[in-house]
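Notes to accompany the following structure.
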Amino acid sequence: MPKTIQHEREAARTLARLLPRVEEKCKPQIEQDPQGWHELKTRLEEHFPRLFRLHLELYGDHYDYFYHAEDLLMSLTHAWFARPRDLRELDRLREGNPLWFQSNTMLGGVCYVDLFAENLESLRAKIPYFRELGLTYLHIMPFYDAPTGENDGGYAVSNYRKVAPSLGTMDQLAALSRELRRAGISLAVDLVFNHTSDEHEWAKKARAGDEEFQDYYRIFPDRSLPDLYEQNLREIFPDEHPGAFTFDPQMQKWVWTTFHSYQWDLNYDNPAVFNRMVEEMLFLANQGVEVIRLDAVAFIWKEMGTNCENLPKAHTLIQAFNAAARIAAPCLIFKSEAIVHPDDVVKYIAPEECQISYNPLLMALLWNSLATRKVRLLSKALAERFQIHPQTAWVNYVRVHDDIGWTFSDEDAAVLAINPSDHRNFLNEFYRGRFPGSFARGLPFQENPKTGDCRISGTCASLAGLEKALTEEGPQEVEFAIRRILLIHGVILTVGGIPLLYLGDEIGTLNDYSYLENPAHQNDSRWVHRPKADWDGYAKRNDPSTIEGRIFQGLQELIRLRKLHSVFSCGPLKVVSTGNEHVLGFLREDANEQVAVLANFSEKPQVISAEALGLPEEWERLHGRSALETGQGWRVEPLDFLALRHKVRA
Ligand code: GLC
Ligand code: GLC
């Protein structure tokens with residue numbers, strides 16, 4: 001008998017055995033909310049078999065498996081009964097329209113609560129601005145209780161149910177989510193699920209010697225196993241500590257810390273950890289969170305003898321979280337944060353795993369094209385690596401709070417006769433502003449002398465040349481910098497997926513070097529691109545004589561272009577060869593129209609032939625500054641982002 005059929009039968013049997021126990025324990029809630037119980041049972045019938053299969057695969061060999069299976073079912077039930085009515089309503093709505101996130105009206109933004117506003121209350125007051133910008137999705141960076149001083153920008157969470165006191169309360173978060181929803185904006189937050197801070201209650205208990213909680217982490221009495229593991233591990237934050245382990249003097253033991261020493265990796269070999277983290281996830285969902293950003297997905301499963309990144313069980317684990325969400329918070333979707341080789345990035349993307357995913361390859365290659373003024377790698381990646389499952393979406397961005405890693409595929413580079421490591425060196429030199437003729441003002445991040453690895457920090461505007469142009473050059477270079485910013489945003493807004501703006505970029509925020517004076521930040525150059533929002537700058541956003549105004553207005557035009565044309569929603573993309581190495585070309589088509597995008601990454605005008613689009617003549621301009629003269633081909637202005645509509649089809 002095929003294994004899956006057995007699973008179905010066994011899942012049904014397990015559910016039949018466990019449900020009466022749940023019914024008994026939850027009697028009062030069931031009596032109070034029979035409709036809710038009925039709905040939950042219906043969802044269990046549909047999704048429990050999948051959850052069971054995944055859970056069994058992860059934990060079936062534990063002697064107390066059934067204890068944990070029942071515990072998980074209880075967690076789901078409690079979370080569902082605690083789920084507010086309006087969210088259950090949203091669940092039904094989304095179940096009827098599961099691909100809501102693919103629409104061309106979608107526009108994402110991301111910000112830090114304290115840097116953009118001050119606290120959750122004042123962030124609420126910014127909703128009118130979010131609407132003006134056109135956001136339908138807002139990711140707020142980690143706002144959880146975290147250690148004072150260094151806390152990796154909030155990615156060291158001490159309590160998933162408590163907001164950092166300086167930012168507000170969980171009730172305020174729930175209120176914010178409701179008000180955002182009324183404004184048509186979905187709230188996205190992080191589930192930092194690879195690690196907790198060393199001040200989390202679990203870590204404190206572990207430190208105090210409680211073995212039950214030592215099992216929540218990966219803790220070793222001596223170096224023997226860590227040494228063996230480290231033979232295959234990459235160093236993520238080599239500036240801070242070599243390898244992946246930190247000695248804890250109080251326990252006199254070694255703790256697995258992939259990132260900082262104060263970020264303790266959770267041990268998902270332990271079924272209790274999975275169950276507790278499902279509870280934390282559902283708690284957040286019940287505050288009105290619609291999108292969970294799964295932080296650092298690549299690292300969550302570890303196995304001796306591997307590099308402990310992107311292991312098959314990491315996928316099983318995320319799928320199990322996904323199945324749990326389908327049962328107890330069905331409107332929830334997951335966003336994967338996997339900043340790894342493109343072959344691995346796509347493996348997290350599936351309706352049953354992460355419905356949406358950052359697109360680090362597009363991001364890195366947009367910057368690559370600006371530096372090289374060539375579109376070869378970018379075209380190749382879009383042609384071969386952009387297509388994903390039709391029920392999922394890319395989250396396309398040019399900058400976020402993190403560094404830029406040059407995660408293109410070495411194999412793709414080799415095909416184009418590009419030496420990958422030389423090329424990465426070039427890009428690092430270029431974006432640090434050290435390569436002759438570079439326009440960029442970036443900083444190195446986690447430069448590793450042992451391996452030669454380096455990544456880049458800097459704001460979009462500073463990397464695109466605005467900082468240098470303003471301080472050392474002049475109006476011509478300022479103009480180019482603005483065009484570069486708009487060019488790459490033009491691509492992420494039209495290529496298909498959810499465009500995500502790193503708030504501040506829309507007014508051309510420059511690098512902020514004051515982080516060097518803050519002891520909690522000075523060792524992490526990513527803070528150069530995490531400044532406080534410049535509200536004086538925002539005040540100029542509608543004044544076209546200012547730089548803020550030029551960028552903001554330019555971006556608004558692009559956003560309007562996206563929102564007016566359904567062809568820019570998720571869907572197929574066809575890369576066209578423009579016959580010019582500086583000009584990216586792609587076609588988007590739906591039942592309504594056919595649109596061609598031409599993006600000139602060079603500071604010189606380029607000529608391309610209309611025939612290159614496969615459909616000569618009859619194009620009209622939707623966006624861009626280039627005039628469409630026929631004759632010798634089209635002249636695409638320097639750094640122009642041109643969108644054309646085919647007239648016959650229109
Ligand atoms: C993610 C975050 C990054 C953080 C790391 C560790 O990659 O984006 O900012 O440092 O996870 O939590
Ligand atoms: C995550 C990302 C990595 C990034 C790091 C810190 O691990 O995968 O690319 O550099 O966080 O920003």
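Order of listing sets the numbers, starting from 1, for every ligand and every atom in it. Remember, predicted model here, so these are calculated numbers, not experimental data.
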Any heavy atom of His195 sitting closer than 4.0 Å to ligand 1? yes
Enumerate the atoms of ligand 1 whose separation from the nearest heavy atom of His401 is less than 4.0 angstrom. 2 (C), 3 (C), 8 (O), 9 (O)
Show me the pairs that pass salt bridge (charged side-chain N to carboxylate O under 4.0 Å, His left out) and involve residues 425-434, at least two apart or across chains. Glu429-Arg434, Arg432-Glu447
Which of the ligand 1 atoms, numbered from 1, are nearer than 4.0 Å to a heavy atom of Gln263: 12 (O)
Counting only heavy atoms, tell me which of Asp190, Leu294, Asp152 gets closest to atom 6 (C) of ligand 1. Asp152
So, do Phe130 and Phe116 have ring centers that fall under 6.0 Å from each other? yes
In ligand 1, the atoms that come under 4.0 Å of a heavy atom of Phe237 are 10 (O)
Taking only heavy atoms of Asp295, which atoms of ligand 1 are found under 4.0 Å from at least one of them? 1 (C), 2 (C), 6 (C), 7 (O), 8 (O), 11 (O), 12 (O)
Please could you name the atoms of ligand 1 that Asp402 approaches to less than 4.0 Å, counting only its heavy atoms? 2 (C), 3 (C), 7 (O), 8 (O), 9 (O)
Does a side-chain N-to-carboxylate-O contact under 4.0 Å join Asp269 and Arg218? yes
Nearest non-hydrogen contact with atom 5 (C) of ligand 1 belongs to which option: Phe193, Tyr358, Phe259? Phe259
Please state whether Met141 comes within less than 4.0 angstrom of ligand 1, counting heavy atoms only. no
Side-chain contact, heavy-atom cut-off 4.5 Å: Tyr431 with Ile404? no
Lys NZ or Arg CZ of Arg223 over Trp254 ring: under 6.0 Å, within 45°: yes
With Phe321, which residues qualify under ring-ring contact (aromatic ring centres under 6.0 Å, His included), at least two apart? Phe193, Phe274
